[in-house]
Number of protein chains: 2
Amino acid sequence: MDTGKYTGILRENGIKVTPQRLEVLRFLDENRVHPTADDIYRTLKKDNPSLSKTTVYNVLDILSKYGLVEVLTISGTESRYDYGSTRHQHFLCTSCGRIVDIHIKGLCMDCMPEKGHKVEEVHGYFKGTCRDCLKGIGA
Amino acid sequence: MDTGKYTGILRENGIKVTPQRLEVLRFLDENRVHPTADDIYRTLKKDNPSLSKTTVYNVLDILSKYGLVEVLTISGTESRYDYGSTRHQHFLCTSCGRIVDIHIKGLCMDCMPEKGHKVEEVHGYFKGTCRDCLKGIGA
DNA sequence: GTATTACGTTGTAATCATTACAGATTAGGT
DNA sequence: ACCTAATCTGTAATGATTACAACGTAATAC
Ligand SMILES: [Mn+2]
Ligand SMILES: [Mn+2]
Ligand SMILES: [Zn+2]
Ligand SMILES: [Zn+2]
């Protein structure tokens, strides 16, 4: 079945399985647009009226602690969440607010033990105007 | 004199000169620790009791619009401000909260017209544990 | 099978950074 | 020394996130 996929992911990471955790995980997997906590909450609330926003935050918290989701602070005003994800960078369009993935080839931002700091996360944040907005198609 | 330095910087950019703007600019120049708006406010308030926090935000706003300061969103919870500055990257220590400059040689994160997006800002954000905290000296 | 216990969820209230706004003040040109 | 537009100030509103306490649930102990 389908729910088995996310059950497995949680189990493999030693995270207790709950319906709320499964739903958030599934939403992030199926909606790769770097949603906010509120985006997730509002959407899931429709089929799950008892869902609490606190729970969404709690779930996102634990998922990020276990490295299943990445927290993006690129927008400055709210956190955005990215499912699992191979290493890639992000571009924030200051016109439409969308965050798009950027894949930079041959750019190793990782692996630099600069001055003895222990690096655990690497983020490349670009800002500007996205292609669609440049063409006048933007949101 | 000394205040002339910042007066000149503002004039060159066509920004009207006010005591508040001079003070914020001087503070950022002399305190290169990526302070928050509140850090700036609390410090300047001592010698300038009538200073309003709104003014600090307004000044930081205009300075960033003219490219005189860079706004960092690395911490996620609050903006940090960086004076003028040549191109460099930032490392956030998740233990002590300090943001330290990282200078990566030969790494050009700039100049990539990826997929037609117009890139206006480039930020390299690293997170982890800083050297001092690793040694147990951390704040 | 029931009591115990730990963990998760929920709703509400608090927090904290930032923004909105309206009235007082000031910089810069006349 | 005026005038006017721009700036500054204090307070109130906003919005995201966190704190907290009551409640639900599911595993474990007896
Ligand atoms: Mn992404
Ligand atoms: Mn810096
Ligand atoms: Zn856009
Ligand atoms: Zn540190």
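Reckoned from all heavy atoms, side chains included, excluding hydrogens, waters and symmetry mates. Reminder, nothing fancy here: chain letters follow the sequence lines and each chain counts from 1.
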Problem - Under 4.0 angstrom between Gln20(B) side-chain N/O and dT26(C) OP1 or OP2 - result: no
Of the listed dT18(D), dA20(C), dG11(C), the closest approach to the Tyr57(A) side chain comes from dT18(D)
Between Ser52(B) and dC8(D), is there a side-chain N or O to OP1/OP2 distance below 4.0 Å? no
Checking dT19(C), dT18(C), dT10(C) against the side chain of Glu78(B) (C-beta onward), the nearest is dT18(C)
With the side chain defined as heavy atoms from C-beta on, Ser79(B) is closest, among dC8(D), dT18(D), dT18(C), to dT18(C)
Look at all strands and tell whether Thr36(A) reaches a base, only sugar-phosphate, or nothing, counting heavy atoms closer than 4.0 Å.
nothing
Ranking dT10(C), dT9(D), dT9(C) by distance to the side chain of Leu51(A), first place goes to dT10(C)
Paired with Leu63(A), the side chain to side chain contact (heavy atoms under 4.5 Å, CB included) test is passed by just one of Leu68(A), Asn13(A), Asn58(A), namely Leu68(A)
Heavy-atom closest pair (Arg32(B) atom, Tyr83(B) atom, distance to 0.1 Å) is NH2-CD2, 3.2 Å
Taking dG10(D), dT18(C), dG28(C) as options, the one with an atom nearest any side-chain atom of Lys45(B) is dG10(D)
Residue pair Pro19(B)/Asn58(B) against DNA chain C: nearer the 5' end by closest nucleotide is Asn58(B)
query: Phosphate oxygens OP1/OP2 of dT7(D): is one of them under 4.0 Å from a side-chain N or O of Thr18(B)?
result: no
Q: Apply ring pair (Phe, Tyr, Trp, His ring centres under 6.0 Å) to His90(A) and His34(A), showing your working.
A: CA-CA 10 Å; His90(A) 292 99; His34(A) 316 102; 4.7 Å; yes
Output yes when at least one side-chain N/O atom of Thr54(A) is less than 4.0 Å from OP1 or OP2 of dT10(C), else no. no
Tested for side chain to side chain contact (heavy atoms under 4.5 Å, CB included) against Ile9(A), the lone hit among Ile15(A), Leu25(A), Val17(A) is Leu25(A)
Testing dT10(C), dA6(D), dT18(C) for proximity to the side chain of Lys16(B), the answer is dA6(D)
